[in-house]
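These notes concern the structure reproduced below.
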Amino acid sequence: VIAAGTPAPDFTLRREDGGTFTRADLEGRTTVLVFYPFAFSPVCTDQLGLYDEVLDEFTERGATLYGVSCDAPDSQRAFREHLGVRIEQLSDFEPKGATCRAFECYHPGGFPQRALAVIGPDAVIAWSHQAASPGDLPGANLIFDGLAAVGTHAG
Amino acid sequence: LRNLGSAPVPPPSPTDHRRGPLGAPTVILYADYECPFCAALHAALAGRRLDVVFRHFPVRRSHPRAWPAACAAEAAGRQGRFWEMHDLLFADPARLEDPHLWARAERLGLDIERFDADRRDASVQESVRADFESGVRAGVVTTPTAFTENGMLMGRQAVAELGTRGVG
């Protein structure tokens, strides 16, 4: 996954409402992109449920979390509603995996690696993490560690 | 802001729920009462010579009744019956609605009014949340997670390792 200290690349993701989410949406606030392999897969289910349980604590720190996968927006919405989580989903469906490739976390199997990127208000990657395997679930503690790095890298 | 960054799993403290023979190997468990693998682990631990420290790790989006069940166990604890409620909860994890919690409290002879007030009490909620947060900081991501002298065991691995071989 893209290294800390790197400016975020240009990218376009599709929001649930059909709008776009681009690099410009990163500016002026702290963003956490949670790249996950597949909607409805067991580990991803645990992951988003766990992060949702501490979502208020992320919000208190001024951080907004987004789930990113190559699933279509309707599939992502169904997944989010099924889980009952509040974390907005962003789709990297078409062209498939382009944003994951830009963030250097596209798995050769055709899906996102399980990766995290904390991006500061300056749109620079403040911290990133890629799980050793897509089946490993990174703890929420790692994201809180990552948030502490916001502002420590010059843009 | 409460610190939720990485930290080692807290060692057993006097505020923990702890049972088992003195000198037995210590296992710190993070679990929830609505989790099938936790119930399986609970059953697998029966008769094992272990010093068990139990901490709550309810994730509401995965197990919506895990949080009320954890608070029910804590409320029973206010009347000195934590482990009895704990065992009754794991004995029937599919029945965790309020009437089921009241039935267990009645079966234990608890003061029901007090039980019902206690399980909604801010300090009970806070102790459940404190357990959860200590687990988050230690990197717990799923239930059950067990910390032993040999490291961290998760999910069915915890059931297999602790249930069949013990940690001694």
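Fair warning: this is a prediction, and the values are worked out from it, not measured in the lab. Here is how names work: the chains are called A, B, and so on, in the same order as the sequence lines, proteins then strands, and each is numbered from 1.
Between E81(A) and R61(B) there is no salt bridge, since no side-chain nitrogen of the basic residue lies less than 4.0 Å from a carboxylate oxygen of the acidic one.
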Let's go through E57(A) and E133(B) carefully: what are the C-alpha distance in whole Å and the side-chain angles of both, what is the deciding distance for side chain to side chain contact (heavy atoms under 4.5 Å, CB included) to 0.1 Å, and is it a yes or a no? CA-CA 11 Å; E57(A) 283 78 4; E133(B) 290 184 357; 3.9 Å; yes
Start with the C-alpha distance between V141(B) and Q47(A), add both sets of side-chain angles, then the distance that settles side chain to side chain contact (heavy atoms under 4.5 Å, CB included), and finish with yes or no. CA-CA 7 Å; V141(B) 294; Q47(A) 186 179 24; over 6 Å; no
May I have the step-by-step check of side chain to side chain contact (heavy atoms under 4.5 Å, CB included) for F132(B) and V54(A), ending in yes or no? CA-CA 10 Å; F132(B) 173 77; V54(A) 287; 3.7 Å; yes
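Judged purely by atom type and a 3.5 angstrom limit, D145(A) uses its side chain to pair as donor or acceptor with the backbone of S6(B). With E53(A) contributing its side chain and R60(B) its backbone, the two residues share a donor-acceptor pair below 3.5 Å.
Put simply, V1(A) and L90(A) are part of the same group of oily side chains (I, L, V, M, F, W, Y) that touch within less than 4.5 Å, one to the next. No path of Ile, Leu, Val, Met, Phe, Trp and Tyr side chains, each step under 4.5 Å between heavy atoms, connects F90(B) with V128(B), placing them in separate hydrophobic clusters.
Residue F82(B) qualifies as enclosed at atom CZ: its count of foreign heavy atoms under 6.0 Å is above 12. Residue-environment remark: CE (M154(B)) stays at or below the threshold of 12 foreign heavy atoms within 6.0 Å. Crowding of R23(A) atom CZ: a count of heavy atoms from other residues, nucleotides or ligands under 6.0 Å exceeding 12. Atom CZ of R156(B) sits in a sparse spot, with 12 or fewer heavy atoms from other residues, nucleotides or ligands closer than 6.0 Å. Remark: R107(B) CZ is loosely packed, at most 12 non-hydrogen atoms of other residues, nucleotides or ligands lying under 6.0 Å away.
Of the two parts of P58(B), only the backbone, made up of N, CA, C and O, holds a non-hydrogen atom closer than 4.5 Å to a non-hydrogen atom of chain A.
Note: G84(A) leads G84(A), G139(A), G146(A) in heavy-atom pairs under 4.5 Å with chain B. Interface summary for chain A: among V136(B), L1(B), V59(B), L4(B), the most heavy-atom pairs under 4.5 angstrom belong to L4(B).
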